[in-house]
**Q** 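Shown below is the structure under consideration.
Ligands are counted one by one from 1 in listed order, and the atoms in each one are counted from 1 as well.
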Amino acid sequence: MANEKNTNNEIKKDVKSAKERLLLQTPKGMRDLLPEDYVFWEKAMHSASEIADFYGFGHIETPILEYADLFARGVGMNTDMVEKEMYALKTKGEDMLALRPESTAAIMRSFIENGMSRLPQPVKLWYFGPHFRYENPQSGRYRQFYQTGFEIIGGEPDPIFDAIIIISAIHFLEKMKIKNVIIEINSIGCKQCRAIYKRKLQDFYRKEIASVGKKKNKVVCSDCERRIGTNPLRVLDCKKDACVQFKINAPSILDGICAPCRTHLKGVLEFIDELNIPYTLNPYLVRGLDYYNRTVFEFFAEGSNLAFGGGGRYDYLADMIGGKSTPAVGVALGLDRIINILKAKETNADIRKKEKVFIAHVGAAAKKKAFALINEFYKNGVKMIEALGKESLQAQLKVADRENCPMVLIIGQKEVYEGTVIIRDMKTGVQENVLASKIIEEVKKRIYGK
Ligand code: AMP
């Protein structure tokens with residue numbers, strides 16, 4: 001009896017310490033973005049914002065929580081994203097909400113709710129932020145991940161808008177130093193021609209499965225066996241070995257799309273050809289969401305099967321979520337994967353180096369002068385770094401070195417007395433004395449050439 005009591009106490013203790021351990025870690029598949037990571041996220045935000053500014057996309061931020069039905073109706077009930085991956089919750093007021101697994105449906109909701117169809121068409125919007133999917137975490141796959149995206153909603157379903165979306169994404173990847181991007185493009189047709197293709201695909205898979213008897217897992221995985229009946233296009237999107245290998249025998253949608261869809265695809269490709277951008281036509285690229293029609297595309301790096309981003313046309317989405325039919329096209333770029341690659345190329349100091357000037361002091365009087373001078377530089381828009389908490393000059397210069405500062409200002413007792421500041425060029429090691437009253441002007445001249 002006494003032994004049993006001891007064991008129970010130990011179990012309780014273990015449960016308690018397991019709970020404490022959990023308190024001290026992020027949920028599975030989620031991570032902190034620490035200051036050393038955040039510089040990369042800032043670079044991504046800045047790059048996306050510059051492209052948006054150039055092409056005239058307005059910044060939009062939708063709530064992280066939306067009604068779960070929005071995604072069920074927009075993205076599709078039979079998609080992995082809604083069926084398996086959505087973080088859904090019931091509020092105290094009994095509302096079913098979901099952490100957004102993607103933003104396109106939410107942006108279309110906002111377009112309709114805010115009467116954006118009354119604005120000059122099309123409306124160009126871009127976004128940046130966290131998204132949530134209950135997936136199996138692995139390299140480049142998280143449960144909280146970040147996307148930036150560009151959407152063009154309204155107006156005519158003109159192929160030029162598909163091309164503008166594709167080029168915006170390419171510019172973004174270039175700015176993030178992703179080289180040799182491979183673009184895969186396809187058309188998944190419209191309601192009419194896709195329905196015919198779906199039946200063709202169902203017939204093909206059913207016939208193949210019937211012919212192999214018990215070896216049907218050589219044709220499709222068990223999930224896809226079910227999908228053949230519910231959503232056969234999803235079979236082409238499945239990443240399981242059997243499905244990937246067998247799909248090359250499947251009929252190609254490009255052989256079956258109708259004339260208007262063919263003309264649309266030709267239009268998109270002609271615009272892309274104008275820019276001499278290489279692409280691959282992949283007739284088995286379908287993307288996992290229900291709202292796409294006609295153009296779909298994905299971006300990869302050479303030798304990797306993890307996509308950096310993807311998108312396409314979604315002319316039916318507005319109608320699917322209860323609005324009036326509105327042509328639209330967009331792209332979502334996965335920042336976590338892009339930043340993982342950028343991090344391998346650049347350190348955060350490379351990114352942060354942007355002409356920051358370091359200020360070092362020797363002695364208490366110089367510390368006060370340095371503190372006041374930083375304030376003056378702030379008012380003049382010059383970026384400074386300091387280590388005023390350190391007293392030794394050597395320790396301060398170590399920080400300047402670590403931060404890759406091209407220039408260090410040094411104030412010692414003599415400089416306080418003489419009203420001067422030493423400028424040290426960190427590349428050449430050359431030092432000069434400059435009057436304190438002229439220092440801002442001099443620094444600006446050296447850094448910005450003005
Ligand atoms: P999707 O909305 O599925 O088309 O995703 C667009 C891009 O977001 C993908 O190409 C990935 O780069 C990225 N992405 C999607 N899901 C995840 C995830 N779970 N973890 C990290 N990145 C993701």
**Q** Any side-chain to backbone donor/acceptor pair from Asp336 onto Tyr146? Under 3.5 Å, distance only.
**A** yes
**Q** Could you identify the single nearest non-hydrogen protein atom to atom 23 (C) of ligand 1 and state the distance to 0.1 Å?
**A** Phe145 CD1, 3.5 Å
**Q** Tell me the contacting part of Glu298 for ligand 1: side chain, backbone, both, or neither, using a 4.0 Å heavy-atom threshold, strictly below.
**A**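 Looking at Glu298 and ligand 1, no heavy atom falls under 4.0 Å.
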**Q** Under 3.5 Å, is there a donor-acceptor pair linking the side chains of Glu151 and Thr104?
**A**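 Present: a donor and an acceptor within the cut-off.
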**Q** Give me the residue, atom name and distance of the protein heavy atom closest to atom 20 (N) of ligand 1.
**A**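 For this ligand atom, the closest protein heavy atom is Tyr142 N, 2.9 Å.
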**Q** Tell me if a side-chain donor or acceptor on Arg100 pairs with a main-chain N or O of Pro130 at a distance below 3.5 Å.
**A** yes
**Q** With a 4.0 Å heavy-atom cut-off (strictly under), which part of Phe308 contacts ligand 1: side chain, backbone, both or neither?
**A**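 Contact part for Phe308 vs ligand 1: backbone (N, CA, C, O).
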**Q** State whether the side chain of Asp162 and the backbone N or O of Val268 hold a donor-acceptor pair below 3.5 Å, judged by distance alone.
**A** no
**Q** Among all protein heavy atoms in this structure, tell me which lies nearest to atom 12 (O) of ligand 1, with the distance rounded to 0.1 Å.
**A**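 Of every protein heavy atom, Ala307 O, 2.8 Å lies nearest to atom 12 (O) of ligand 1.
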**Q** Give the residue and atom name of whichever protein heavy atom lies nearest to atom 10 (O) of ligand 1, and the separation in Å to one decimal.
**A**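 Scanning the protein heavy atoms, the shortest distance from atom 10 (O) of ligand 1 goes to Gly309 N, 3.1 Å.
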**Q** Give me the residue, atom name and distance of the protein heavy atom closest to atom 19 (N) of ligand 1.
**A**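 The answer is Glu135 OE2, 2.6 Å.
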**Q** Report the C-alpha distance between Ser325 and Asp319 in whole Å, list the side-chain angles of each, state the deciding distance to 0.1 Å, and finish with yes or no for side-chain hydrogen bond (donor to acceptor under 3.5 Å, both in side chains).
**A** CA-CA 5 Å; Ser325 178; Asp319 186 46; 5.9 Å; no
**Q** Are Phe308 and Phe299, when compared by the centres of their aromatic rings, separated by less than 6.0 Å?
**A** no
**Q** Scan Tyr127, Phe150, Phe128 and name whichever one has a ring pair (Phe, Tyr, Trp, His ring centres under 6.0 Å) with Phe57.
**A** Phe150
**Q** So which heavy atom in the protein is nearest atom 3 (O) of ligand 1, and how far is it from that ligand atom?
**A** Arg133 NH1, 2.9 Å
**Q** Looking only at protein heavy atoms, which one is nearest to atom 13 (C) of ligand 1, and how far off is it?
**A**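 In this structure, atom 13 (C) of ligand 1 has Gly334 CA, 3.5 Å as its nearest protein heavy atom.
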**Q** Are Asp241 and Lys239 within salt-bridge range, i.e. N to O under 4.0 Å?
**A** no
**Q** Number the atoms of ligand 1 from 1 as they appear, then name those within less than 4.0 Å of a heavy atom of Gly140, with their elements.
**A**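 Here the atoms of ligand 1 in question are 20 (N), 21 (C), 22 (N).
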**Q** Evaluate Ile166 against Phe161 for side-chain contact (heavy atoms from CB on, under 4.5 Å), listing each step before the verdict.
**A** CA-CA 9 Å; Ile166 292 173; Phe161 298 134; over 6 Å; no
**Q** Can you report which non-hydrogen protein atom sits closest to atom 4 (O) of ligand 1, along with the distance?
**A** Arg287 NH2, 2.6 Å
**Q** Show the atoms of ligand 1 that are less than 4.0 angstrom away from any heavy atom in Gln147.
**A**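 Counting from 1, the qualifying ligand atoms are 1 (P), 2 (O), 5 (O), 6 (C), 7 (C), 8 (O).
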**Q** For ligand 1, does Glu102 get within less than 4.0 Å through its side chain, its backbone, both, or neither, judged by non-hydrogen atoms?
**A**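 The answer is neither.
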